[in-house]
Amino acid sequence: MTRSRHIAMVCCSCALLLQVTMSVVSGEGQLRLNFYSESCPRAEEVVREQVQRLYEEHGNTAVSWVRALFHDCMVKSCDASLLLETTPTGAISEQASHRSFGMRNFKYITAIKAAVERECPGTVSCADILALAARDGVAMLGGPAPVGMRTGRRDSRESYYGVVERYIPNHNDSVSTVLARFAGMGVDTEGAVALLGAHSVGRVHCFNLVGRLYPEVDGSMEAAYGEYLRGRCPTAEAAEDTGEVVYARNDRATPMLLDNMYYRNLLAGRGLLLVDQQLASDPRTSPYVRRMAADNAYFHQRFAATLLTMSENAPLTGAQGEVRKDCRFVNSS
Ligand code: HEM
Ligand SMILES: *[C@@H]1O[C@H](CO)[C@@H](O)[C@H](O)[C@H]1NC(C)=O
């Protein structure tokens, strides 16, 4: 062996060793494909069956899993902290945060968990169930089928209600704020633009829109779209209350398809939230908006890849946290 080849090989194995050591120290790498292959071989299948069944009953459940995964993962960790309910002893649910306004269908996650518990009691975490449900929900909505979603996440023992607003941006935050928040979970500018493409499905309540409609229609909004939205939201007063206020669909053209219509709408001035519309005008994000508007396959590819990155944000693994029996409550000790 020549000296230079020998040096190259030594360097190579050092780099590998370093990488392995680092990932062990940081707790990463403990998520893996098919984590439950031995402990619960049908886990992913049961989740998929349930997601499919619920989608057929209530199509918007699939929409909910996508938003719920974002809110769960963005706030500290993909640890199902979002799913904990408010308890009599004083812990407040993240679902009660202003940022969670409009979230729905949590009771059906309980149903998916119950089906998984029947298959394998106390084995599959709520954090993994939510991640898998979001993956399968995306596919039901005609989005990409993200391959390679790893599992092995553990559930938090607490809610992070108090810090939700530090992580999840508001509907009218600046592009700089939005990009900084996504960077916090390792998602770059293009990835952030791709993930916002989830706003191709679902709805927005008037409470989050009236700021763009009254007293004047926001200048970046297409005039006809402004008229339409004023029709949906006829007064400037809209309460943060899902019971009494109306809403507008994110994408009137293909409301139940996770496709690139979102970007095409943005280019036409038909973005719904201020954070959406700003992506089309900010020089950091607009090139990606144009590219994704022009190419649905490219959008799907970026969306799938970034969904996986998001789904692996700082998970609890190994002996951290617990595997909750009921996603709504921590296990009693
Ligand atoms: C800057 C970041 C984001 C902000 C400020 C934001 C804000 C919002 C707001 C205000 C709503 C409407 C709530 C309502 O009025 O009912 C909404 C809905 C939604 N968001 Fe986001 N979002 C962001 C990023 C994301 C990401 C990254 C995803 C997923 C990958 C996502 C998925 C959804 C979905 C699917 C809905 C529709 C929910 C439904 O119809 O039930 N959002 N978002
Ligand atoms: C953003 O909207 C909220 C209401 O949802 C409002 O209270 C706040 O003042 C707005 N912030 C900015 C910067 O416009």
Side-chain angles (χ1 to χ4, degrees), residues 58-75 78 82 95 97-106 108 130-131 133-135 137-138 140-141 143-144 146 164-165 167-185 187 189 191-214 218 229 232-233 236-251 255-258 262 271-279 282 285 299-300 302-311 313:
H58 317 277
N60 58 39
T61 51
V63 171
S64 296
W65 311 146
V66 184
R67 188 177 183 207
L69 185 67
F70 165 58
H71 281 241
D72 185 39
C73 290
M74 190 91 157
V75 179
C78 301
L82 171 70
Q95 295 168 30
S97 163
H98 291 293
R99 293 291 191 277
S100 306
F101 173 58
M103 294 183 98
R104 48 182 165 168
N105 291 322
F106 287 111
Y108 295 117
L130 183 55
R135 174 189 72 179
V138 165
M140 309 268 135
L141 295 165
V164 171
E165 296 191 12
Y167 289 91
I168 307 280
N170 208 354
H171 61 93
N172 51 7
D173 275 337
S174 67
V175 171
S176 297
T177 301
V178 168
L179 294 180
R181 300 285 174 88
F182 278 104
M185 62 172 178
V187 169
T189 301
V193 173
L195 278 182
L196 262 303
H199 287 173
S200 164
V201 292
R203 61 177 184 176
V204 172
H205 287 84
C206 292
F207 178 75
N208 286 318
L209 297 176
V210 287
R212 299 190 68 207
L213 303 175
Y214 302 98
D218 179 333
L229 288 179
R232 297 291 305 171
C233 306
E237 285 77 46
E240 195 177 26
D241 177 354
T242 49
E244 57 175 74
V245 295
V246 286
Y247 60 88
R249 283 183 180 278
N250 270 323
D251 171 2
M256 290 300 285
L257 274 188
L258 217 167
Y262 170 75
L272 206 40
L273 301 173
L274 193 61
V275 284
D276 297 318
Q277 193 56 56
Q278 285 170 341
L279 297 182
D282 190 285
T285 49
F299 159 58
H300 274 178
R302 295 325 309 151
F303 183 84
T306 319
L307 192 82
L308 291 183
T309 305
M310 181 175 87
S311 81
N313 185 36

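In what follows, residues are counted from 1 in the order of the sequence shown. We count ligands from 1, going down the list as the structure has it; atoms in each ligand are counted the same way. Treat the numbers as computed from the prediction; the structure is a model and nothing was measured.
In this structure, the side chain of Arg99 engages the main chain of Ile168 through a donor-acceptor pair within 3.5 Å. Looking at Arg203, its side chain does come within 3.5 Å of a backbone N or O of Gly102 through a donor-acceptor pair. Checking side-chain atoms of His300 against main-chain N and O of Leu258 turns up a donor-acceptor pair under 3.5 Å. Here the side chain of Asp173 pairs a donor or acceptor atom with the backbone of Asn170 at under 3.5 angstrom.
At least one N or O atom of His205, backbone or side chain, sits closer than 3.5 Å to an N or O atom of ligand 1. Between His171 and ligand 1, not a single N/O pair is under 3.5 Å apart.
Few gaps surround NE2 on His58; more than 12 heavy atoms of other groups in view lie less than 6.0 Å from it.
For ligand 1, the atoms sitting less than 4.0 Å from at least one non-hydrogen atom of Asn170 are 5 (C), numbered in the order shown with element in parentheses. The atoms of ligand 1 that sit less than 4.0 Å from any heavy atom of Val178 are 1 (C). Set against the non-hydrogen atoms of Val63, the atoms of ligand 1 under 4.0 Å away are 35 (C), 37 (C), 38 (C), 39 (C), 40 (O). Atoms of ligand 1 found under 4.0 Å from any heavy atom of Pro169 (numbered from 1 in listed order, with element): 1 (C), 2 (C), 5 (C). Atoms of ligand 1 lying under 4.0 Å from at least one heavy atom of Leu195, given by number and element, are 27 (C), 30 (C). Here is the list of ligand 1 atoms found below 4.0 Å of a heavy atom in Gly102: 16 (O).
Contact between Phe182 and Leu195 at its shortest, heavy atoms only, is CE2-CD1, 3.8 Å. Summarising the geometry of Arg232 relative to Cys206, their closest heavy-atom pair is O-SG, 3.8 Å, with the distance given to 0.1 Å. The minimum heavy-atom distance linking Ala192 with Val187 is given by the pair N-CG1, 3.4 Å. Summarising the geometry of Ala134 relative to Trp65, their closest heavy-atom pair is CB-O, 3.5 Å, with the distance given to 0.1 Å. Residues Asn313 and Gly184 come closest through the heavy atom pair OD1-O, 4.5 Å. Minimum heavy-atom separation, Gln277 to Gly271: OE1-N, 2.7 Å.
Protein-derived N/O/S atoms nearer than 2.8 Å to atom 21 (Fe) of ligand 1 total 1, waters excluded.
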Please lay out, stage by stage, how Val63 and Asn105 fare under the test side-chain contact (heavy atoms from CB on, under 4.5 Å).
CA-CA 10 Å; Val63 171; Asn105 291 322; over 6 Å; no
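Checked options Asn250, Asp276, Asp251; the residue passing with Tyr262 is Asp276 (criterion: side-chain hydrogen bond (donor to acceptor under 3.5 Å, both in side chains)).
Summary of contacts: the protein heavy atom closest to atom 39 (C) of ligand 1 is Arg104 NH2, 3.4 Å.
With a 4.0 Å cut-off on non-hydrogen atoms, Val204 touches ligand 1 through its backbone as well as its side chain. With a heavy-atom cut-off of 4.0 Å, Asn208 touches ligand 1 through its side chain alone.
Between the choices Phe182, Tyr247, Phe101, the shortest heavy-atom distance to atom 13 (C) of ligand 1 belongs to Phe101.
Remark: Ser200 engages Asp259 in a side chain to side chain donor-acceptor pair (under 3.5 Å) (not counting sequence neighbours). The side-chain contact (heavy atoms from CB on, under 4.5 Å) check on Gln95 picks up Leu82, Ser93, Phe106, with sequence neighbours excluded.
In summary, the side chains of His98 and Glu165 do not present any donor paired with an acceptor at a separation below 3.5 Å, with no hydrogens or angles considered.
Ordered by chain and residue number, the residues placing a heavy atom less than 4.0 Å from ligand 2 are His171, Asn172, Phe207.
In this structure, Asn60 does not count as a contact residue of ligand 1, since none of its heavy atoms falls inside 4.0 Å of the ligand.
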